[in-house]
Participant: 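Have a look at this one.
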Amino acid sequence: MTTLHSGAMPSHPGRRASHIALGEPLRWLSHGLRDLRRVPFVGLAYGLMVTLMGWLVFALGNHPYFIAAALTGFLLLGPILGAGLIEASRAIEAGETPTFDASLRGLSPHRAALERFAMVLLTLAAAWLLLSAWTLNAAVGPIAPSVTASLWDDALRMMTSGQWGAWALIGAVLAVASFSISVIAVPLILHRDASASEAMRGSLRAVANHPIACAEWALLIVLLTAVGLVTALLGLIVIYPVLGHASWHAYQALRK
């Protein structure tokens, strides 16, 4: 394992930009599915945990803030929750056969950097909720009835198209920011022992040098997440580990 010093970036992700063919992210997904097939119990365990957490959040009610929490929890914190899957794919590539426990043990040496990175993503998630509430209240009045009331009624039907549009726009801006700093951040931390700040800079550089490939990858993540949502989160049992494993293969391409 390579340890970084004085802010040096590992392998300078994206600095020597190489061409990534259109549609290449689909190959990352196919490799993610292949890794899931190799160690199905590891991947499905992570998928089941994420699905159960999603059910717990949605069980709290249908207030827009609860839904925002669920979406931020997956789209913003997904890279951290999937760190064990990335570690498993790294082990598979190294010729090992990872177990669920081994995928977690592999994170221990990088705990400090992962925690700092998680705090950045949590800050973005909090910013989504706070900024959306402030903007909507300033522009169109209260977003919805109280949280207590919405537990007994369908708050979503009370929101106008303008409220939905403003809320979604804020979320989209912060989601793009989150994706840009996280696309290869966790693999960099695990593979190259990067600090949180070095990993985020590496991700930004990769996005700057491979914007089309990164846009394709982001679109695939959003579409597959939507499939998971419309299947009452059951689809995430398989979709989440495939995306987690595929993130390792995305890193291998985007860091070049």
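One is the number of the first residue; the rest follow in order along the sequence. Computation of the quantities below employed the complete heavy-atom set of this structure, encompassing side-chain atoms and omitting hydrogens, waters and symmetry-equivalent molecules.
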Participant: Please name the pair of heavy atoms, one in H245 and one in L85, separated by the smallest distance, quoted to 0.1 Å.
Facilitator: ND1-O, 3.3 Å
Participant: Is there a side-chain contact (heavy atoms from CB on, under 4.5 Å) between E216 and L22? Walk through the geometry before answering.
Facilitator: CA-CA 8 Å; E216 285 185 79; L22 193 66; 3.4 Å; yes
Participant: Among the clusters formed by ILVMFWY side chains lying less than 4.5 Å apart, do L223 and I221 turn up in the same one?
Facilitator: no
Participant: Using every non-hydrogen atom in the two residues, find where I86 and G244 come nearest and quote the distance to one decimal.
Facilitator: CG1-O, 3.5 Å
Participant: Please find the pair of heavy atoms, one from F117 and one from V186, that lie closest to each other, and give the distance.
Facilitator: CE2-CG2, 3.8 Å
Participant: Give the C-alpha distance, both sets of side-chain angles, the deciding distance and a yes or no for side-chain contact (heavy atoms from CB on, under 4.5 Å) between L224 and V242.
Facilitator: CA-CA 10 Å; L224 289 173; V242 169; 5.8 Å; no
Participant: Is the shortest side-chain heavy-atom distance between L234 and W55 below 4.5 Å?
Facilitator: yes
Participant: Below 30° counts as parallel, above 60° as perpendicular, anything between as tilted: where do the rings of W28 and W217 land?
Facilitator: perpendicular
Participant: Would you say that more than 12 heavy atoms from the other residues, nucleotides or ligands in this model lie under 6.0 Å from the CZ of R116, or not?
Facilitator: no
Participant: Crowded around L48 CG? As in, over 12 foreign heavy atoms under 6.0 Å?
Facilitator: yes
Participant: Would E96 and R90 count as a side-chain contact (heavy atoms from CB on, under 4.5 Å) if you check the C-alpha gap in whole Å, the side-chain angles of each, and the deciding distance to 0.1 Å?
Facilitator: CA-CA 9 Å; E96 304 169 14; R90 184 208 60 77; 4.2 Å; yes
Participant: What are the two closest heavy atoms between I181 and L124, and how far apart are they?
Facilitator: CD1-CD1, 3.9 Å
Participant: Given the rule in the side-chain contact (heavy atoms from CB on, under 4.5 Å) test, do L29 and L243 qualify, once you have shown the distances and angles that lead to the verdict?
Facilitator: CA-CA 7 Å; L29 277 180; L243 287 174; 3.8 Å; yes
Participant: Looking only at heavy atoms, which two atoms of H249 and S89 are closest? And how far apart?
Facilitator: NE2-OG, 4.5 Å
Participant: Using the rule side chain to side chain contact (heavy atoms under 4.5 Å, CB included), only one of I92, L104, L107 pairs with E87; which is it?
Facilitator: L107
Participant: Grab the two heavy atoms, one from G43 and one from L36, that are nearest each other, plus how far apart they are.
Facilitator: CA-CD1, 3.7 Å
Participant: If we only count heavy atoms from C-beta on, is the I80 to L114 side-chain gap below 4.5 Å?
Facilitator: yes
Participant: Ring centroid separation for H191 and W248, is it under 6.0 angstrom?
Facilitator: yes
Participant: Hey, does H31 have a side-chain heavy atom less than 4.5 Å from the side chain of Q252?
Facilitator: no
Participant: Out of curiosity, does L26 fall in the hydrophobic cluster containing V183 (side-chain heavy atoms, cut-off under 4.5 Å, transitive links)?
Facilitator: yes
